[in-house]
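Here the structure comes first, spelled out in structure tokens, and everything after it is commentary.
All values below were derived from every heavy atom in this structure, side-chain atoms included, with hydrogens, water molecules and symmetry-related copies excluded. When a ligand or atom number is given, it counts from 1 through the structure's own listing order.
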Amino acid sequence: MQRIGIIGVGEIGKAIVEGLRSDGGASPEIFLSPRGARAAAELSERFEGVQVCVDNQEVVDRADLVIIAVRRQDHREALGGLKVGDDKTVVSLMAGVAIDDLRRTLATDAPIVRAIPLPAVRERGSVTVTCPSHSEVDALFAQLGGALPVADEDAFNVFSALTGTFTAHYAYLATLTSWAAGHGISPDVADRYVRSLFKNVGRALNDESRTLDQLAADHETPKGNNERIRTTWFDQPNATALAEALDGLLTDLR
Ligand SMILES: NC(=O)C1=CN([C@@H]2O[C@H](COP(=O)(O)OP(=O)(O)OC[C@H]3O[C@@H](n4cnc5c(N)ncnc54)[C@H](OP(=O)(O)O)[C@@H]3O)[C@@H](O)[C@H]2O)C=CC1
């Protein structure tokens, strides 16, 4: 297995380390950037074969495959001036930074692959979109729950926009809970109940023999409560507003 470097040890960088170590093994060797110092130190203490480097250049020098997991607005400062040999493989997790743009910043001919891992890679439970397909990078993410290589960056950005809907979903659940609490239900009880409702929705999604429209129909009594909320709240203007928000995000990601 290749030696892996991670520049940017925040939420997703940490999840990748935990996912790679979730089988209890000590391989592959992992080299972390020093920034995000507390998370990096904690990971190197917890896991064998995880080391913190003195700077980002050392991460590149010691790794074969370098994962870039800094925020888009920090990437020029984090990466400008780094020397990245053509024998390295670079994996960029940054939303909204095109391969050509990153290649100019890094001034390298090394293969550059974009990827969208999600925090559930921590449990090896999330499919990671990659672009372009690259056997070693796809194998890495296959180990963390699955790889979905897509044809080009236009397609990649559509998937990237989809991942932007994630926290709105949690906020939707929190809004349901607050609504119930506003009607006298204890917040703890409301929270537990809403979680249990939507865990079942998550489980139903595992049934890939039914389309999403079929799943909705199968959970709906004609003229019942679900049909009422779907048609009076998640109506056409609401669906259009969501599509417009996604279109706006996609424009900014290109
Ligand atoms: N979170 C997610 O689920 C996903 C995130 N991504 C992408 O991954 C990237 C990181 O996201 P996320 O982990 O959420 O962000 P975080 O803010 O949690 O982590 C970013 C990390 O980068 C560090 N950093 C900043 N500047 C430098 C530098 N010059 N050198 C080295 N490290 C630096 C930060 O350190 P400090 O704290 O000291 O500023 C921080 O630890 C983003 O571009 C995002 O688009 C992609 C897929 C999913």
Side-chain angles (χ1 to χ4, degrees), residues 4-20 30-46 50-63 65-84 88 90-99 101-103 105-106 112-131 137-138 140-141 144-150 153 155-171 246 249-254:
I4 292 178
I6 302 182
I7 298 179
V9 189
E11 170 69 17
I12 199 67
K14 187 167 177 237
I16 289 173
V17 177
E18 290 174 335
L20 288 170
I30 300 175
F31 300 95
L32 304 177
S33 59
R35 179 94 173 257
R38 191 183 304 166
E42 188 246 325
L43 290 168
S44 74
E45 274 165 33
R46 251 171 85 195
V50 177
Q51 296 175 47
V52 185
C53 295
V54 292
D55 56 23
N56 294 346
Q57 185 63 55
E58 190 190 357
V59 177
V60 174
D61 293 344
R62 298 188 72 179
L65 189 150
V66 181
I67 297 175
I68 298 173
V70 297
R71 296 173 291 260
R72 176 187 190 175
Q73 63 270 28
D74 293 331
H75 83 281
R76 290 187 205 286
E77 184 214 318
L79 308 176
L82 285 184
K83 290 187 177 48
V84 180
K88 308 284 178 183
V90 176
V91 182
S92 168
L93 311 188
M94 295 179 292
V97 180
I99 290 174
D101 183 9
L102 182 57
R103 190 173 295 292
T105 304
L106 292 174
I112 298 180
V113 178
R114 295 180 67 186
I116 321 173
L118 294 171
V121 293
R122 182 173 278 127
E123 296 95 33
R124 302 190 172 191
S126 174
V127 172
T128 297
V129 176
T130 61
C131 175
V137 177
D138 292 346
L140 173 76
F141 290 114
L144 294 174
L148 175 62
V150 297
E153 286 187 283
F156 183 88
N157 287 331
V158 171
F159 284 95
S160 185
L162 285 179
T163 66
T165 60
F166 217 54
T167 58
H169 187 74
Y170 286 120
L246 286 164
L249 175 55
L250 186 57
T251 302
D252 288 345
L253 289 169
R254 283 180 177 142

Backbone, side chain, both or neither: what part of T163 comes under 4.0 angstrom of ligand 1, heavy atoms only? neither
Please could you name the atoms of ligand 1 that E77 approaches to less than 4.0 Å, counting only its heavy atoms? 29 (N)
I need the T128 OG1 to L148 CG distance, nearest 0.5 Å. 9.0 Å
Among all the protein's non-hydrogen atoms, which is closest to atom 21 (C) of ligand 1, and how far away is it? G10 N, 3.8 Å
In Å and rounded to the nearest 0.5 Å, what is the CZ to CG distance from R35 to N56? 9.0 Å
For ligand 1, indicate whether the residue V70 contacts it via side chain, backbone, both or neither (heavy-atom separation under 4.0 Å). both
What residue among I4, V91, L93, V9 forms side-chain contact (heavy atoms from CB on, under 4.5 Å) with I16? L93
Starting from atom 27 (C) of ligand 1, locate the nearest protein heavy atom and write down its residue, its atom name and how far away it is, to 0.1 Å. R35 NH1, 3.5 Å
Side-chain contact, heavy-atom cut-off 4.5 Å: L43 with I30? no
D55 side-chain N/O to E58 backbone N/O, donor-acceptor pair under 3.5 Å: yes
dist I68:CD1 -> D74:CG (nearest 0.5 Å) comes out at 12.5 Å
Please identify which atoms of ligand 1 are closer than 4.0 Å to at least one heavy atom of D74. 25 (C), 26 (N)
Hey, mind stepping through V59 and L32 against side-chain contact (heavy atoms from CB on, under 4.5 Å) and telling me if it holds? CA-CA 6 Å; V59 177; L32 304 177; 6.0 Å; no
Considering only non-hydrogen protein atoms, determine which one is nearest to atom 18 (O) of ligand 1 and report residue, atom name and distance to 0.1 Å. E11 N, 3.0 Å
Starting from atom 7 (C) of ligand 1, find the nearest protein heavy-atom neighbour and note its residue, name and distance. L93 O, 3.1 Å
Nearest to atom 47 (C) of ligand 1, what protein heavy atom do you find, and at what distance? P117 O, 3.1 Å
Among all the protein's non-hydrogen atoms, which is closest to atom 39 (O) of ligand 1, and how far away is it? R71 NH2, 3.1 Å
What residue and atom, counting heavy atoms only, is the protein's closest point to atom 28 (C) of ligand 1, and at what distance? A78 CB, 3.5 Å
If you measure from CG on L102 to OG on S92, what distance do you get to the nearest 0.5 Å? 5.0 Å
Report yes if some heavy atom in the side chain of V70 is under 4.5 Å from a heavy atom in the side chain of M94; otherwise report no. yes
Using heavy-atom distances, let me know which of G8, A39, A69 sits nearest atom 20 (C) of ligand 1. A69
Any idea which protein heavy atom is nearest atom 13 (O) of ligand 1, and the distance to it? I12 N, 3.0 Å
Record the part of R72 in heavy-atom contact with ligand 1 below 4.0 Å; permitted values are side chain, backbone, both and neither. backbone
